Amino acid sequence: MEVFSVKGLKKSFQKNFYSPKQLVLKGFDFSIKAGSITGFLGANGAGKTTTMKCMLGLVFPDEGEFNYFGEPALNSNIKKKLGFLPERPYFYQYLTGHEFLVFYGSLTGGMTKKLLKSRADDLLKKMGLWGARDKALRDYSKGMLQKVGLAQALIHEPELVVLDEPMSGLDPDGRKAMKDIILEVSSQGTAIFFSSHLLNDVEKLCKELVILKEGALMYQGETSKLLNSLDGSVSLEDYFVKDIL
Amino acid sequence: MRSIWVIAVNTYQEIIRDRILYGLLVFALLLIGLSLALGSLSFAEQERISVNFGFAAIHISSVFIAIFLGSTLVAREIDKQTVLTLLVRPISRTQFLMGKYLGLLFVILTTMLGLGIVLTVVALNLGSELNFMYGIGLFGIVLEAMVILAIAMFFSTFTKPVLVVSFTIGLFLIGHWVENLRFIIGKSESALVKSVGGFMAAGFIDLEKFNWRSLFVYSETISAKYVISSTIYAGGWMFLCITVASLILSKRDFV
């Protein structure tokens, strides 16, 4: 079963009124399966972030037929099923980690205050941030911000989580923690769709891949199928350097 | 409605913990202190000068908060991309805007309440007998701050904070000058002055409609009808600014 699909996604941008429109997403289809971990790959400027923002209603596509959990439009009920962590997240500096999570949970609704607070505490423990529960976010390190950002994407128990470069800038420990959390969340039935340049991590984590090149789809399907179609000694990284960059 | 409230409370919390607000508050308290010093220079008019200057201090500080914090209210969310994680939640862009507006409005009301209490203590100490017009004077300041904040928010949906501050200060100055413009138009015989001036007088907000700060000091009164019509006038401008800001935001791509 698919939790998301789009057909013919197109988006163009215009720098100024007088400059010509530049087509950055050239009309492609892809889908995300329920409970899957799908890696979203492409070189810088391939259109990954724009695609994610089109999915989430932050950027309006020129064309595209969307389907979210069987519905064609991104309404409030659908939004309750989505979680998102943007690239280089910046959050409210003066909120503590706990206040921050409760705030995002309250925005989604559907949980009592008591339940929300206990869920926020559980997530802080799971992310290894329990000691920083009452610290203001301005005192968090980059890795801690990335983790609390992931926690805000999960606070309302979404069915599809979109993560834009969740592991960028993290040290090996932080990356391992992030991977463990992604695996755990996925094992509970949540679909994860994430972009990354860390191909070794993607190869290990993702059963499914979506690969973009200059705004066009290069591949959508199982990671193992892609790797089998290549020469046995070729890794995802080798394929990427040779064919995608 | 719940989403608006959640965003408003968060905005309030953020600003209350920000040091910028305290800088503005210290500035306002110094102005009230200065009003006492200025009042003491006069032998007969100490109470009148001090209270008048105290009203001016509250007016200036509330407008400063509305302009300087209002200018970054939405722009900072867009610039720092916190807006992305908010709008992915089940809230509309209009609700986001309303929440931000209400949050800062609560901050303005809180600071005005604090400064109002300080001024009241000063006035009572100087022997003032407070009456209804004292409250009306403060209410006028609230109305003006609400409108200025809505204007700052409108500009902040499409331009940078520096320009928001410039445009809003410009409209604030023009707003206090519109009454004089009407006077000039009335006296002028030039068709050009009448048409251009008339257009400007109709198109810009008249902030003098909320200037009731001197009523208490000079023992004057104002009709309830005028207060109500001015409140509706302020409401109309707020509605216009927030509606247009919401329309602009609803079309915007957050790249």
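A, B, ... follow the sequence lines: proteins, then strands. Residue 1 opens every chain. The model shown is predicted, which means the values in this text are computed figures rather than measured ones.
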Which atoms of B/Ser250 come close to chain A, meaning under 4.5 Å heavy atom to heavy atom: side chain ones, backbone ones, both, or neither? backbone
Between the CZ atom in B/Arg89 and the CZ atom in A/Phe103, the distance rounded to the nearest 0.5 Å is 9.0 Å
Less than 4.5 Å to any heavy atom of chain A: does that hold for the side chain of B/Gln13, its backbone, both, or neither? side chain
Heavy-atom nearest pair, B/Pro90 first then A/Ser76, reads CB-O, 3.6 Å
So with a 6.0 Å cut-off around NZ of A/Lys125, is the heavy-atom count from everything else above 12? yes
Any donor-acceptor N/O pair, A/Lys53 side chain to B/Phe254 backbone, under 3.5 Å: yes
Under 4.5 Å from any heavy atom of chain A - which part of B/Arg2: side chain
Could you tell me which portion of A/Tyr104 (side chain, backbone, both or neither) has an atom closer than 4.5 angstrom to a non-hydrogen atom of chain B? both
Other residues, nucleotides, ligands: >12 heavy atoms within 6.0 Å of A/Lys26 NZ: yes
For A/Lys7, look at atom NZ and say whether over 12 heavy atoms of other residues, nucleotides or ligands are found less than 6.0 Å away. no
With side-chain contact (heavy atoms from CB on, under 4.5 Å) as the test, would you mind laying out the steps for B/Val255 and A/Thr50 before giving the verdict? CA-CA 7 Å; B/Val255 285; A/Thr50 305; 5.9 Å; no
Among residues 54-86 of chain B, those lying within the under-4.5 Å heavy-atom range of chain A are B/Glu77, B/Lys80, B/Gln81, B/Thr82, B/Leu84, B/Thr85, B/Leu86
Do other residues, nucleotides or ligands put more than 12 heavy atoms under 6.0 Å from A/Glu2 CD? yes
Heavy-atom contact with chain A under 4.5 Å, split by part of B/Ile16: neither
Other residues, nucleotides and ligands only: do more than 12 of their heavy atoms fall within 6.0 Å of CD on A/Gln93? yes
When you compare the side chain of A/Leu95 with that of B/Glu14, does any pair of heavy atoms fall below 4.5 Å? yes
Decide if atom NZ of A/Lys179 counts as having more than 12 heavy atoms of other residues, nucleotides or ligands within a radius under 6.0 Å. yes
Under 4.5 Å heavy-atom distance to chain B, tell me which part of A/Ile155 shows up: side chain, backbone, both or neither. side chain
Proximity breakdown for A/Ala136 and chain B, heavy-atom pairs closer than 4.5 Å: neither
Select one option (side chain, backbone, both, neither) describing which atoms of A/Lys81 are under 4.5 Å from chain B's heavy atoms. neither
Taking every non-hydrogen atom, the tightest pair across B/Arg93 and A/Gly57: NH2-O, 3.0 Å
Between A/Phe100, A/Phe60, A/Phe84, A/Phe13, which shows the greatest number of heavy-atom pairs under 4.5 Å with chain B? A/Phe60
Would you please go through residues 153-164 of chain B and name the residues with a non-hydrogen atom below 4.5 Å from one of chain A, in numerical order? none
Crowded around B/Phe239 CZ? As in, over 12 foreign heavy atoms under 6.0 Å? no
Chain B contact via A/Glu99 - which portion, at a heavy-atom distance below 4.5 Å: side chain
Value for CG (A/Leu107) from CZ (B/Phe96), rounded to nearest 0.5 Å, stands at 10.5 Å
